[in-house]
Amino acid sequence: MERIIQQTDYDALSCKLAAISVGYLPSSGLQRLSVDLSKKYTEWHRSYLITLKKFSRRAFGKVDKAMRSSFPVMNYGTYLRTVGIDAAILEFLVANEKVQVVNLGCGSDLRMLPLLQMFPHLAYVDIDYNESVELKNSILRESEILRTSLGLSKEDTAKSPFLIDQERYKLAACDLNDITETTRLLDVCTKREIPTIVISECLLCYMHNNESQLLINTIMSKFSHGLWISYDPIGGSQPNDRFGAIMQSNLKESRNLEMPTLMTYNSKEKYASRWSAAPNVIVNDMWEIFNAQIPESERKRLRSLQFLDELEELKVMQTHYILMKAQW
Amino acid sequence: MMDLDKIIASLRDGKHIPEETVFRLCLNSQELLMNEGNVTQVDTPVTICGDIHGQLHDLLTLFEKSGGVEKTRYIFLGDFVDRGFYSLESFLLLLCYKLRYPDRITLIRGNHETRQITKVYGFYDEVVRKYGNSNVWRYCCEVFDYLSLGAIINNSIFCVHGGLSPDMTTVDEIRTIDRKQEVPHEGAMCDLLWSDPEDVDTWSLSPRGAGFLFGKREVDQFLEKNNVELIARAHQLVMEGYKEMFDGGLVTVWSAPNYCYRCGNVAAVLKIDDDLNREYTIFEAVQAQNEVGNAIIPTKKSQMDYFL
């Protein structure tokens, strides 16, 4: 199961690369990127893919192929997911001077690169399964522009429990199902009193209910102030809604991937109920975000990139993915 | 002469059709379609079908649930190809039926029946995967250029894939379009294939990037000016299979159940009888099975598209 879940990172990566290659991302407006950082955003991701080839031709082939055959409806969804999370992060970063970010199940995500350059007081921790972060470490150190952007050395010479152990950026291995291991890790690489952004982007959906609730509770009690940003699918709660059941069966059949709580937390409200300890919880589905938070100028830009053949399909899909923000 | 019944049997079994056979099918189809007007006249009773999108097994269910082409007259509102995994077989099956029973079946062009869209949405890739080259895709695209843009049933029901155009508000104007070309990015021909009905006061920009949104006012005007009582169109996924709007002046019919093997919707066809009564038949997706009844995952893709 662990390997099957890890491999979903290749899906996330190929989706993001597809959205970048067609021009959906970056969104200099919503991601608040300067001209220089917008250019780098594309270069960093391209370089990550090219460097991946050196470490796993198989993974590269898979990602490269999926990237080339991505449908516009997927590009829209990837765009919404990325800018939705980034906008939430940016809002908190602008409002707080010194912040630490903990990205749970980071996979190949590279959003730390622009953020670390934009916010000089930011500290950032990437955490994932050992195999995932080892690959990420190798790629970050091998690619010249990725290495330079982080100020990394090519060889890892430091004696550290982390794969990357810098003042402001840490990359660490951890099985987030193991709460003892997770707690021990967070004790060493984060500070309790600093306002903390916790990101879980398609992480909790693969965990069992007990483990995910324990992770939420433990982390929320660990940091005195924080913002938890979570992006996940929900099964749907309308009487005739079969999206979730079909999704479970498709994923099980095609790759033996399970989402144990998809139908338990099948609505926005039920999903958000897991953060009931937080005084301020906002949850939207991605269709609401598309309609309420993406300005018309931006939507016009998206329309000019590709013809969207089916808006209703976009709606069906995006009403089954949510973005939850819990502040405490 | 081609043995159409034999090709039909092969297609229904999902068997490979030789390139040469596809070429001749496409050539014969062009000859036949060339003689049709932009807006074909069709008599009742007739069954109107919406988007198919390469879901061959569901197309077979459609015929089964609605009488079959031997006994029933059909209008297909376009979007035969793309997205599903059997675009080629679905389109060829419809062409074979058209050649075999020319009066029984009318094919209207959808916004996916173009070179540009099929390159993005799967049909092109499917052909290359199945034949190792794109020849068969090119033969099919040549047929697309000859498909009608609409149909009119008993001078009372106007059928089109997408909707109306601000540039042409009468059926007679639509008859004057030079349709034998790739669908342009704008203008009446594009709008007929791309537009959508919506609760808008007047013509508005479409979020799809092509065509327009039109409202009750535009529909009422069209119905009155052309002396018809209904616009039947497809083009939009409807979870319940069909949706009437504007006091019954327009209907959307959708015939691809569980669209993209993912959406969980039901499908519908609309039968119009001699008194122009409307009767909807709803059907659900079936899982493709092999001879021993095991489910076949209908895909060469290693996975379904989800955000993971």
Asks: Under 4.5 Å from any heavy atom of chain B, what part of A/Leu257 do you find: side chain, backbone, both or neither?
Replies: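 Interface part for A/Leu257: side chain.
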Asks: How many angstroms lie between atom SG of B/Cys263 and atom CG of A/Asp241, to the nearest 0.5 angstrom?
Replies: 10.5 Å
Asks: Mind checking whether A/His320 and B/Phe307 have ring centres under 6.0 Å apart?
Replies: no
Asks: Just checking, is any N or O donor in the side chain of A/Asp11 or B/Tyr306 under 3.5 Å from an acceptor N or O on the other one?
Replies: no
Asks: Return the CG to CG distance between A/Leu13 and B/Leu308, rounded to the nearest 0.5 Å.
Replies: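 Separation between the atoms: 13.0 Å.
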Asks: As an exercise, state the distance from CG of A/Asp309 to NE2 of B/His112, rounded to the nearest 0.5 Å.
Replies: 3.5 Å
Asks: Could you tell me whether B/Arg83 and A/Glu310 make a salt bridge, using a distance below 4.0 angstrom between a side-chain N and a carboxylate O?
Replies: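 Judged by the 4.0 Å cut-off on N to carboxylate O distance, B/Arg83 and A/Glu310 do not form a salt bridge.
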Asks: What residues of residues 114-126 of chain B sit under 4.5 Å from chain A when only non-hydrogen atoms are counted?
Replies: B/Gln116, B/Ile117, B/Val120, B/Tyr121, B/Gly122
Asks: Does a sphere of radius 6.0 Å around CZ in A/Arg68 hold more than 12 heavy atoms from other residues, nucleotides or ligands, not counting ones at 6.0 Å or beyond?
Replies: no
Asks: Is it true that, when you exclude B/Tyr242 itself, more than 12 heavy atoms of the residues, nucleotides or ligands shown sit nearer than 6.0 Å to its OH?
Replies: no
Asks: Please check if the number of heavy atoms outside A/Asn256 that lie under 6.0 Å from its CG is greater than 12.
Replies: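 Yes, enclosed.
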Asks: Using a cut-off of 6.0 Å, state whether more than 12 heavy atoms not belonging to A/Glu131 lie near its atom CD.
Replies: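 12 or below, so no.
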Asks: When only pairs under 4.5 Å are counted, which of A/Ala12, A/Pro72, A/Pro233 shares the most heavy-atom pairs with chain B?
Replies: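 Highest number of heavy-atom pairs under 4.5 Å: A/Pro72.
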Asks: Verify, without hydrogens or angle tests, whether A/Asn250 (side chain) and B/Tyr261 (backbone) share a donor-acceptor contact under 3.5 angstrom.
Replies: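 Indeed, once roles are kept as given, a pair shorter than 3.5 Å links the two residues.
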Asks: Give a yes or no on whether B/Glu186 atom CD has more than 12 heavy-atom contacts from other residues, nucleotides or ligands under 6.0 Å away.
Replies: no
Asks: Atom CG of B/Asp305 and atom CE of A/Met74: how far apart are they, to the nearest 0.5 Å?
Replies: 4.5 Å
Asks: Who pairs with A/Val83 by side chain to side chain contact (heavy atoms under 4.5 Å, CB included), at least two apart in sequence or on another chain?
Replies: A/Leu25, A/Ser27, A/Leu30, A/Gln31, A/Tyr79, A/Ile294
Asks: Can you tell me which portion of B/Asn265 sits under 4.5 Å from chain A's heavy atoms? Options are side chain, backbone, both or neither.
Replies: backbone
Asks: Apply side chain to side chain contact (heavy atoms under 4.5 Å, CB included) to B/Met239 and A/Val316, showing your working.
Replies: CA-CA 9 Å; B/Met239 297 304 282; A/Val316 170; 3.7 Å; yes
Asks: Taking side chain as everything from C-beta outward and backbone as N, CA, C, O, which of these in A/Tyr10 sits under 4.5 Å from a heavy atom of chain B? Side chain, backbone, both or neither.
Replies: neither
Asks: Non-hydrogen atoms of chain B under 4.5 Å away: do they reach the side chain of A/Thr78, the backbone, both or neither?
Replies: both
Asks: With a 4.5 angstrom heavy-atom cut-off, could you sort out which part of A/Phe307 is near chain B: side chain, backbone, both or neither?
Replies: both
Asks: Can you tell which part of A/Gln238 gets under 4.5 Å to a heavy atom of chain B, answering side chain, backbone, both or neither?
Replies: neither
Asks: Side chain of A/Arg303, backbone of B/Pro207: donor and acceptor closer than 3.5 Å?
Replies: no
Asks: Looking at A/Ile246, A/Leu314, A/Thr8, which has the largest count of heavy-atom pairs under 4.5 Å with chain B?
Replies: A/Ile246
Asks: With the threshold set at 4.0 Å, does a side-chain nitrogen-carboxylate oxygen contact exist between B/Lys243 and A/Glu312?
Replies: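 No salt bridge links B/Lys243 with A/Glu312.
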